[in-house]
K.L.:
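Pasting a structure below so you can have a look.
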4 protein chains.
Amino acid sequence: MSDRQQRPLRADARRNRERILHTARDAFAAEGIAVPLDEIARRAGVGAGTVHRHFPTKEALFEEVVREHLEQLTRDVRAALDVEAEAGAAFFGFLARMTAEADAKQDLAEAITAAGSPVGARTEELAAELRELFGSLLLRAQQAGAVRDDVDAADVQAVVVAALTAGRRRDAGDRSGRLARVVFDCLLPRPSGPAGSGA
Amino acid sequence: MSDRQQRPLRADARRNRERILHTARDAFAAEGIAVPLDEIARRAGVGAGTVHRHFPTKEALFEEVVREHLEQLTRDVRAALDVEAEAGAAFFGFLARMTAEADAKQDLAEAITAAGSPVGARTEELAAELRELFGSLLLRAQQAGAVRDDVDAADVQAVVVAALTAGRRRDAGDRSGRLARVVFDCLLPRPSGPAGSGA
Amino acid sequence: MSDRQQRPLRADARRNRERILHTARDAFAAEGIAVPLDEIARRAGVGAGTVHRHFPTKEALFEEVVREHLEQLTRDVRAALDVEAEAGAAFFGFLARMTAEADAKQDLAEAITAAGSPVGARTEELAAELRELFGSLLLRAQQAGAVRDDVDAADVQAVVVAALTAGRRRDAGDRSGRLARVVFDCLLPRPSGPAGSGA
Amino acid sequence: MSDRQQRPLRADARRNRERILHTARDAFAAEGIAVPLDEIARRAGVGAGTVHRHFPTKEALFEEVVREHLEQLTRDVRAALDVEAEAGAAFFGFLARMTAEADAKQDLAEAITAAGSPVGARTEELAAELRELFGSLLLRAQQAGAVRDDVDAADVQAVVVAALTAGRRRDAGDRSGRLARVVFDCLLPRPSGPAGSGA
DNA sequence: GATGAATGAGTATTCATTCAT
DNA sequence: TATGAATGAATACTCATTCAT
């Protein structure tokens with residue numbers, strides 16, 4: 001999987017790497033990409049130099065956080081595709097799970113969207129793979145009549161981000177992503193007319 | 001209300017103030033709150049000191065931009081309430097108009113949500129007023145059966161931000177906020193069950 | 001001459017600029033390019049930001065120092081060419097003057113040679129102009145039989161750097177560049193044979 | 001005097017030491033003293049800690065490189081003194097040999113001169129010894145009338161550095177140290193007058 | 001009032017040195 | 001002993017804010 005390290009990292013080094021990544025994930029999520037690296041280092045309990053040993057630049061660290069997120073999503077989509085379930089349930093189940101997981105990662109979603117997203121080639125690949133797999137999941141759900149036909153995978157991706165954005169707004173009141181699920185309702189087939197029929 | 005200015009600004013001072021505000025609005029929208037003040041000053045064609053004369057801190061400038069946005073929204077909601085139209089049409093018309101206006105201001109919506117939103121008391125007041133007015137608009141639409149009952153004003157606010165977020169994702173393909181309207185469909189009454197019935 | 005500033009700098013700004021340049025010249029000469037910018041700022045009595053306002057990068061500051069040096073040399077060569085004097089005297093007089101002037105600037109000569117000399121286009125131009133003018137001075141001296149024929153302008157340039165290098169070695173003992181003049185003797189016509197006859 | 005090594009180094013340790021020294025010599029020569037120790041370690045194929053085991057500080061490593069250079073020069077001067085040859089030939093032959101050898105080591109000469117040359121006592125001793133031996137070589141050449149009388153050993157040392165400096169300037173064109181030999185011509189006896197007669 | 005130069009605290013990054021494995 | 005990960009001081013550069021002109 002990971003071919004960047006010729007030989008496995010020493011135990012303590014890997015521990016540090018994980019701690020930095022974990023701390024960075026939280027920090028980026030909570031405070032955006034503007035959080036100082038020194039602060040991340042401090043919270044992770046390591047020196048500033050250690051952060052730079054593992055992630056040569058701040059962007060590299062950010063990208064790694066994004067990458068981990070994408071990998072998790074890819075695993076989730078694969079699981080949803082493998083499960084022998086009704087297509088619509090598989091689709092909305094995936095959305096629901098993502099929303100649930102995205103507890104602390106939510107702001108990350110925004111960060112991904114917001115920033116110029118200086119993603120490297122490897123990250124682009126991962127994203128493309130995810131898009132393709134997700135496309136399959138969507139198509140099956142549409143063919144089963146569980147999702148409206150006038151949206152494509154990119155639309156849904158946008159809606160997902162939107163749902164996360166919405167869900168995040170209600171820190172306390174919104175139990176278990178109710179608002180996110182409300183937004184997902186816009187993906188249901190329209191009884192009578194095309195999109196925007198409500199206007 | 002505003003007692004910061006004892007006497008009306010000189011004509012040139014007011015012109016400068018307007019130019020700075022306008023430039024800041026665009027800059028914050030396009031590049032986020034991280035844009036340097038010097039850059040805003042340069043684009044507005046004034047010196048850095050002039051920006052600080054009108055807006056003592058960067059936050060103050062940002063907040064003023066937010067405030068103007070809120071004021072515009074308040075005016076729009078009032079107009080929607082005043083018009084003797086069908087309640088659902090008024091409600092969705094307002095959403096559509098907001099979406100359309102938010103062309104370049106979209107990133108601002110996010111900025112507002114994203115940042116710690118260091119809003120002052122005056123801004124809070126404005127927001128509260130807007131919430132109340134908007135609540136009326138929503139209630140009327142719900143009473144007319146045009147909007148599902150299980151959402152409140154805060155939910156809708158979140159959905160609006162979500163719609164803007166979604167709409168922004170599709171730079172080229174999304175003509176005239178189609179995606180935003182798709183998201184708004186989630187506000188329509190559910191034919192059969194409660195929110196989240198799709199899962 | 002200087003076309004970088006649209007309008008003349010304010011009096012205090014120009015004063016600061018001059019002080020920074022002067023301080024940098026001494027600092028680079030005495031301690032090489034490794035001297036911290038903060039140190040230069042401190043010695044010049046300005047803040048670090050002020051140095052960066054006038055010279056966006058450290059390299060830019062270094063290059064400006066080099067440029068000033070080149071300009072001075074160019075002026076000197078021009079003067080040597082204009083004077084209606086015996087060609088050999090003009091040539092060696094120029095060398096002697098350069099040596100004398102180069103009191104504190106000597107280490108600079110080395111710095112110029114030593115570093116990768118990240119010189120910009122404008123500096124290259126200046127250097128080319130200097131080379132051409134100096135070539136004329138040399139040619140006249142050679143035609144007058146005052147300088148050996150088997151060296152070209154680039155050789156002499158190298159010898160000059162060498163002479164400065166040599167002269168610098170003897171901090172106390174070497175009065176008025178005696179050692180530099182010794183080195184310059186290698187440029188005199190050889191009585192009998194070609195270069196390297198001494199080996 | 002040197003009590004750092006109680007017992008002879010283990011074979012592999014000595015091999016490492018030699019590799020580090022050799023790598024450092026090349027690195028300092030090519031890129032100056034600013035080259036990172038990590039880089040030297042990497043090129044030598046050892047860990048950073050190993051460099052520090054053999055040379056406690058970077059300066060210590062640098063000084064050791066200088067010391068080796070001085071030792072080589074001392075051997076060369078001794079050889080020149082021992083050879084029963086004409087004094088002038090011995091002297092200039094030594095200079096020529098040094099120049100030839102100094103192919104890649106040239107930048108080192110400069111590094112030695114340039115840096116504050118933080119040489120320790122042991123290095124000072126070596127340098128003193130070299131100076132004395134070299135003084136003998138010079139004196140014999142002067143007594144034989146092969147070298148001008150108005151220079152002393154320190155002058156010549158400076159001229160040597162100057163020659164190396166000059167020779168380095170002409171990357172391609174200067175075959176086999178021609179320019180260095182030109183500079184050495186300044187050491188020949190002046191036909192008529194004192195040093196600097198050309199001015 | 002307007003200008004833009006000066007300030008200086010803050011940030012990412014490098015690197016000599018130390019230390020756990 | 002060797003390794004290379006960790007440290008943290010140092011350094012170039014940015015930018016909000018202040019102030020002289």
Side-chain angles (χ1 to χ4, degrees), chain A residues 7 9-17 20 34-42 45-61, chain B residues 9-14 16-17 34-42 45-61, chain C residues 7 9-17 20 34-42 44-61, chain D residues 9-10 12-13 16 34-42 45-61:
Chain A
R7 51 182 68 191
L9 283 172
R10 254 165 45 182
D12 57 343
R14 212 184 23 168
R15 208 159 36 236
N16 270 340
R17 195 189 135 90
I20 292 165
V35 66
L37 270 198
D38 285 9
E39 180 62 19
I40 293 178
R42 200 184 57 71
V46 302
T50 303
V51 176
H52 277 88
R53 164 172 284 270
H54 289 290
F55 308 96
T57 68
K58 192 182 190 179
E59 274 195 359
L61 174 57
Chain B
L9 287 169
R10 256 165 44 183
D12 57 343
R14 207 175 28 143
N16 270 344
R17 196 189 134 89
V35 67
L37 270 197
D38 284 9
E39 180 62 19
I40 293 177
R42 199 184 57 73
V46 303
T50 304
V51 175
H52 275 86
R53 167 167 294 274
H54 289 290
F55 308 95
T57 68
K58 193 184 190 180
E59 276 193 359
L61 174 57
Chain C
R7 51 182 68 191
L9 285 171
R10 253 165 46 182
D12 56 344
R14 212 185 23 170
R15 207 159 38 236
N16 269 341
R17 196 189 134 90
I20 292 167
V35 66
L37 270 199
D38 285 9
E39 179 62 21
I40 293 178
R42 201 185 54 74
V46 302
T50 304
V51 175
H52 279 89
R53 163 173 285 270
H54 289 291
F55 308 96
T57 67
K58 192 182 190 179
E59 274 195 0
L61 174 57
Chain D
L9 287 170
R10 257 167 42 182
D12 58 342
N16 271 343
V35 66
L37 270 199
D38 284 8
E39 180 63 19
I40 293 178
R42 200 184 56 73
V46 302
T50 304
V51 175
H52 275 85
R53 167 167 295 274
H54 290 290
F55 308 95
T57 67
K58 191 184 191 180
E59 276 193 358
L61 174 57

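Order of the sequence lines sets the chain letters (A, B, ...), proteins ahead of strands, with each chain counted from 1. Heavy atoms only: backbone and side chains are in, while hydrogens, waters and symmetry mates are out.
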K.L.:
Map B/V46 and A/P56 onto DNA chain E by nearest heavy atom, then report which one ends up closer to the 5' terminus.
P.N.:
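The residue closer to the strand's 5' end, by nearest nucleotide, is B/V46.
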K.L.:
Mind checking B/A13 for me? I need base, sugar-phosphate or nothing, with any heavy atom below 4.0 Å counting as a touch.
P.N.:
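Sugar-phosphate contact only.
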K.L.:
What integer distance in Å separates A/R17:CZ from F/dG4:C1'?
P.N.:
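To the nearest whole Å, that distance equals 16 Å.
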K.L.:
With respect to the side chain of D/P36, which nucleotide from E/dT13, F/dA16, E/dA16 is positioned closest?
P.N.:
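Nearest nucleotide to the side chain: E/dA16.
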K.L.:
If the cut-off is 4.0 Å, is C/T50 near the phosphate of E/dT7, judged by side-chain N/O to OP1 or OP2?
P.N.:
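Indeed, a polar side-chain atom of C/T50 lies that close.
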K.L.:
Between A/R15 (CZ) and E/dT21 (C1'), how many Å, whole number?
P.N.:
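My rounded result for the distance is 11 Å.
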K.L.:
Roughly, in whole Å, what's the span from CZ in A/R14 to P in E/dT21?
P.N.:
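From A/R14 CZ to E/dT21 P: 14 Å.
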K.L.:
Which comes earlier along DNA chain E counting from the 5' end, the contact point of D/V35 or that of A/V35, where each point is its nearest nucleotide?
P.N.:
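Upstream on the strand: A/V35.
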K.L.:
To the nearest 0.5 angstrom, please state how far the CD atom of D/E39 sits from the CZ atom of D/R42.
P.N.:
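D/E39 CD to D/R42 CZ: 4.0 Å, rounded to 0.5 Å.
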K.L.:
Any strand is fair game: report the nucleotide pairing with F/dT21 by Watson-Crick or G-U wobble, both distances under 3.5 Å, or none.
P.N.:
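Across any shown strand, F/dT21 pairs with E/dA2.
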K.L.:
E/dT7 pairs with which nucleotide, Watson-Crick or G-U wobble, both distances below 3.5 Å?
P.N.:
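F/dA16 - that is the nucleotide pairing with E/dT7, both distances being under 3.5 Å.
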K.L.:
Give the minimum heavy-atom separation between C/I40 and C/I20, together with the two atoms involved.
P.N.:
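In this case the closest contact between C/I40 and C/I20 is CG2-O, 4.3 Å.
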K.L.:
To the side chain of C/R53, which of E/dT13, F/dA16, E/dG4 is closest?
P.N.:
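Among E/dT13, F/dA16, E/dG4, the one nearest the side chain of C/R53 is E/dG4.
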K.L.:
Round to a whole Å and report the spacing from CZ of C/R42 to P of F/dA12.
P.N.:
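My rounded result for the distance is 14 Å.
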K.L.:
Examine distances only and state if a side-chain atom of D/K58 and a backbone atom of D/P36 form a donor-acceptor pair shorter than 3.5 Å.
P.N.:
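Absent.
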K.L.:
Take D/G47 and C/G49, find for each the nucleotide of DNA chain F with the closest heavy atom, and name the residue whose nucleotide sits nearer the 5' end.
P.N.:
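Looking at DNA chain F, the more 5' nearest nucleotide goes with D/G47.
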K.L.:
In whole angstrom, what separates C/K58's NZ from F/dT11's C1'?
P.N.:
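Taking NZ of C/K58 and C1' of F/dT11, I get 8 Å after rounding.
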K.L.:
E/dA2 phosphate, OP1 or OP2: any side-chain N/O from B/H54 under 4.0 angstrom?
P.N.:
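Yes, such a contact exists.
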K.L.:
Would you kindly give the CG-to-P distance between B/N16 and E/dA2, to the nearest whole Å?
P.N.:
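Rounded to the whole Å, the gap is 5 Å.
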K.L.:
How close do A/P56 and A/H52 get, heavy atom to heavy atom, and via which atoms?
P.N.:
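Looking at all heavy atoms of both residues, the shortest contact is O-CD2, 3.2 Å.
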K.L.:
Give the rounded distance in Å between these two atoms: NE2 of B/H52 and C1' of E/dA2.
P.N.:
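After rounding, the reported distance stands at 14 Å.
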K.L.:
For A/D38 and E/dG10, give me the distance from atom CG to atom C1', rounded to whole Å.
P.N.:
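Taking CG of A/D38 and C1' of E/dG10, I get 9 Å after rounding.
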